[in-house]
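Input: a single structure, listed below in structure tokens.
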Amino acid sequence: MEEKILQTKKNGMVMLLLTLLGYAVTVLLFFYSIILLDESLFPGILLTILSIAYWVAGIFLFCGLKVLKPQEALVLTLFGDYIGTLKGQGFYWVNPFCTAVNPAAGTKLSQSGDVSSGETGMAALIKAGNSSSQTVESTSKKISLKMMTLNNSRQKINDCLGNPVEIGIAVIWRVTDTAKAVFNVDNYKEYLSLQCDSALRNVVRIYPYDVAPNVDTTGDGVADEGSLRGSSEVVAARIRDEIQKNVAEAGIEVVEARITYLAYAPEIAAVMLQRQQASAIIDARKMIVDGAVGMVEMALERLNENKVVELDDERKAAMVSNLLVVLCGNRDAQPIVNSGSLY
């Protein structure tokens, strides 16, 4: 179903004034009809009936008054038929028999506009009076066209290596087609929340938590260095595209998706931390050994070039051993001075 924008003029104030003026006139006619009842029965009864009839009809006229704030819309139906969407801020008057439709009006999600403050006790009682109007507004049939942030609960998902990972995302979205949002899905807020969880699971299972060998995350058959921790921008973009593909029929645009939380699941977090520490220690040791070997080679070459001392293979081996012990040790070396002969 395609969205139809109603080109209704902002005539709400005019209709309000005319309706109030009609009430004032009918009140005068009602009192005048009471006076006429003493002189002429039929005109008095007729004016009384007309006055009462207008008072009842005026209630329906007031029902046609609609107020829209910036970035709000109202989907209207008339006896079950979709007649159009009212957009743009202003004071409108529409057919009083039109009904506003928004199946997601009472849905509460972990998102902007739907999150409760969580206050209790006296603070909640003080705030209750001020929040009554906001409660009525949140359950109204108006559809917000603003950008909103959806922050679902964290999910536990296995990555491509089978390691359980906890991950959470924040999705920035907005309604672009009110007709699709209302009529194509049962509840567009719940639909978006479900599709976010599904897309997150589908994308995360493709990547490892850290860079792993022989893992293809792009689908081209070539191993790459993609990972959840190191390629967060790429992962977020793929999640956004996956969500957008699924919610396009609901008239929703996904502006952005961001990873807000990423960690190993508690049951393997300690083991993975030890693994990372061991990997860091091995890398550091490798760097130290490489540097020490280079320094020993440089020392032997300088000694040979300058002919400072002639060393046989046995003495060279002892010198290399001593230098490696000094350079690769965890503690400062304590040299021992040999006052005797080398041999």
Side-chain angles (χ1 to χ4, degrees), residues 1-107 113 125 127-146 175 177-183 186-188:
M1 180 171 293
E2 298 296 331
E3 184 182 54
K4 294 185 295 184
I5 306 299
L6 293 178
Q7 304 298 331
T8 305
K9 295 182 180 180
K10 301 176 182 179
N11 52 4
M13 185 59 69
V14 175
M15 288 300 300
L16 176 62
L17 294 177
L18 290 177
T19 305
L20 293 177
L21 180 61
Y23 268 104
V25 172
T26 52
V27 168
L28 295 177
L29 289 177
F30 179 77
F31 286 110
Y32 181 65
S33 65
I34 294 176
I35 298 174
L36 285 179
L37 288 176
D38 297 334
E39 301 176 358
S40 177
L41 185 63
F42 178 74
I45 295 176
L46 180 61
L47 290 178
T48 302
I49 294 175
L50 289 176
S51 299
I52 296 174
Y54 182 82
W55 294 345
V56 175
I59 298 176
F60 291 95
L61 295 178
F62 282 127
C63 293
L65 297 174
K66 307 293 182 182
V67 179
L68 290 181
K69 301 177 192 176
Q71 296 297 318
E72 283 185 346
L74 207 59
V75 177
L76 300 176
T77 59
L78 181 61
F79 303 119
D81 293 332
Y82 171 61
I83 62 172
T85 300
L86 204 60
K87 283 186 177 181
Q89 61 185 15
F91 192 17
Y92 298 90
W93 186 84
V94 297
N95 191 329
F97 294 98
C98 287
T99 304
V101 182
N102 182 8
T107 303
L125 293 176
K127 196 174 181 180
N130 298 329
S131 63
S132 59
S133 61
Q134 296 178 1
T135 304
V136 174
E137 181 180 356
S138 64
T139 57
S140 68
K141 299 299 182 178
K142 298 175 184 176
I143 298 177
S144 176
L145 304 179
K146 304 173 184 177
V175 176
D177 193 313
T178 56
K180 289 183 178 180
V182 171
F183 298 112
D186 183 59
N187 188 317
Y188 63 89

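From a predicted model like this one, the values you see are computed outputs, not experimental measurements.
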Flag side-chain contact, heavy atom, 4.5 Å: [X] against [Y]:
X: Val182; Y: Pro103; answer: yes
X: Cys98; Y: Thr77; answer: no
X: Val75; Y: Asn102; answer: no

Separation of [Y] [atom2] from [X] [atom1] (nearest 0.5 Å):
X: Tyr92; Y: Leu86; atom1: OH; atom2: CG; value: 5.5 Å
X: Leu46; Y: Leu50; atom1: CG; atom2: CG; value: 4.5 Å
X: Ile59; Y: Tyr23; atom1: CD1; atom2: OH; value: 5.0 Å
X: Lys66; Y: Glu72; atom1: NZ; atom2: CD; value: 12.5 Å
X: Trp55; Y: Phe30; atom1: CH2; atom2: CZ; value: 4.5 Å

Answer yes or no: are there more than 12 heavy-atom neighbours, outside Phe62 itself, under 6.0 Å from its atom CZ?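 Enclosed: over 12 neighbouring heavy atoms sit under 6.0 Å from CZ of Phe62.
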Atom CG of residue position Asp186 - does it have more than 12 heavy atoms of other residues, nucleotides or ligands inside 6.0 Å?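 Result for CG/Asp186: open.
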Where the side chain of [X] meets the backbone of [Y], is there a donor-acceptor pair that is under 3.5 Å apart?
X: Asn11; Y: Val14; answer: no
X: Lys142; Y: Val67; answer: yes
X: Tyr188; Y: Phe183; answer: no

Over all heavy atoms of both residues, which pair between [X] and [Y] is shortest? Give the atoms and the distance, please.
X: Ala73; Y: Leu145; result: CB-CD1, 4.0 Å
X: Gln89; Y: Pro70; result: OE1-CG, 2.6 Å
X: Asp177; Y: Glu2; result: OD2-OE1, 4.2 Å
X: Ser51; Y: Leu29; result: OG-CB, 3.8 Å
X: Trp93; Y: Leu61; result: NE1-O, 3.0 Å
X: Leu76; Y: Tyr82; result: O-CD1, 3.6 Å

State whether a side-chain donor-acceptor pair under 3.5 Å links Thr178 with Thr85.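 Yes, because at least one side-chain N or O of Thr178 sits under 3.5 Å from a partner of the opposite role on Thr85.
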Using a strict threshold of under 4.0 Å (side-chain N to carboxylate O), is an ion pair present between Glu3 and Lys87?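 Salt bridge: yes.
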